[in-house]
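The first residue of the sequence shown is numbered 1, and numbering continues consecutively from there. Order of appearance sets the numbers: ligands from 1, and atoms from 1 within every ligand.
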Amino acid sequence: MRVDDKEFDKFIDELQEEIYQEELRTFSRKVVEEYYNPKNWGKIEDANAKATIKGPCGDTQMIFLKIQNGIITDASFMTDGCGPTIACGSKLTTMVLNKSIAEAKKITPEALTEALDGLPPEHQHCALLAVNTLKKALDTFENSEEDE
Ligand code: FES
């Protein structure tokens, strides 16, 4: 029997809605929205600060920054990790925009988690991984400035 395309599309839509609702039982709406529609995904080709960290869970977070006169003018991320890691990279790269290096360094995993309306205990480390990657990028940038 052939299922026509409309029926198939409807089936896919219903399935996606079911998955979405299931995820909302585990994660906040902000987390789910961020990982379905991440902002700032990808590499910044002319980034002057970047870092990669592989967390204990085996997932990798990458952060790219463009820093001009001490201000973060562009930020992006890439990860091979879980949905919450995508949400953390997305939210964190929006939080650092137009911040000074000192201000960006003050962002804690708790502040990132709060900005996402919370993360389940087993995903708290995803925020830590994102924040640690940001800090590494900023430290590497500052150390390279000192060398000049
Ligand atoms: Fe590894 Fe989220 S489970 S960073």
Side-chain angles (χ1 to χ4, degrees), residues 8-147:
F8 185 70
D9 286 349
K10 192 172 167 248
F11 168 73
I12 294 295
D13 286 349
E14 284 170 2
L15 192 64
Q16 276 173 344
E17 182 57 29
E18 219 173 280
I19 293 168
Y20 194 80
Q21 291 307 325
E22 181 62 38
E23 284 166 344
L24 286 176
R25 281 191 270 279
T26 310
F27 303 109
S28 72
R29 185 168 292 277
K30 275 194 189 163
V31 169
V32 176
E33 280 170 3
E34 290 284 345
Y35 77 66
Y36 273 113
N37 298 296
K39 295 164 202 89
N40 308 317
W41 175 274
K43 278 186 194 169
I44 297 173
E45 287 306 333
D46 59 345
N48 52 3
K50 57 186 168 188
T52 302
I53 297 184
K54 189 176 188 135
C57 61
D59 296 335
T60 301
Q61 180 72 267
M62 299 168 85
I63 299 239
F64 304 85
L65 304 170
K66 183 94 203 232
I67 303 174
Q68 287 169 312
N69 302 322
I71 302 293
I72 300 169
T73 56
D74 202 2
S76 71
F77 79 101
M78 288 174 78
T79 181
D80 61 0
C82 61
T85 308
I86 295 170
C88 287
S90 175
K91 186 49 106 182
L92 187 59
T93 50
T94 57
M95 286 167 80
V96 298
L97 268 191
N98 302 316
K99 290 227 164 34
S100 68
I101 294 174
E103 286 169 332
K105 278 187 167 182
K106 282 189 196 143
I107 299 173
T108 60
E110 292 74 22
L112 175 57
T113 303
E114 203 180 305
L116 288 165
D117 287 344
L119 283 166
E122 66 275 21
H123 284 283
Q124 300 282 331
H125 71 275
C126 312
L128 180 64
L129 178 62
V131 168
N132 283 345
T133 311
L134 170 69
K135 288 207 170 118
K136 185 177 171 188
L138 294 169
D139 287 344
T140 309
F141 175 80
E142 285 186 318
N143 291 338
S144 70
E145 291 272 283
E146 280 167 21
D147 294 346

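- Look at E22 and R25 and you find a salt bridge, because one of the NZ, NE, NH1 or NH2 atoms lies within 4.0 Å of a carboxylate O, short of that distance.
- Judged by distance alone, the side chains of D117 and S28 never bring a donor and an acceptor atom under 3.5 Å apart.
- Among the atoms of C82, no N, O or S atom falls under 2.8 Å of atom 1 (Fe) of ligand 1.
- In this structure, the protein non-hydrogen atom closest to atom 4 (S) of ligand 1 is T85 OG1, 2.8 Å.
- Using cut-offs of 30° and 60° on the angle between ring planes, the pair H125 and H123 is parallel.
- D59 contributes atom OD2 as its closest N/O/S atom to atom 1 (Fe) of ligand 1.
- Of the inter-residue distances, the one linking I63 atom CD1 with I53 atom CD1 reads 9.0 Å to the nearest 0.5 angstrom.
- Here H125 has side-chain heavy atoms under 4.0 Å from ligand 1, and that is the only part of it that gets that close.
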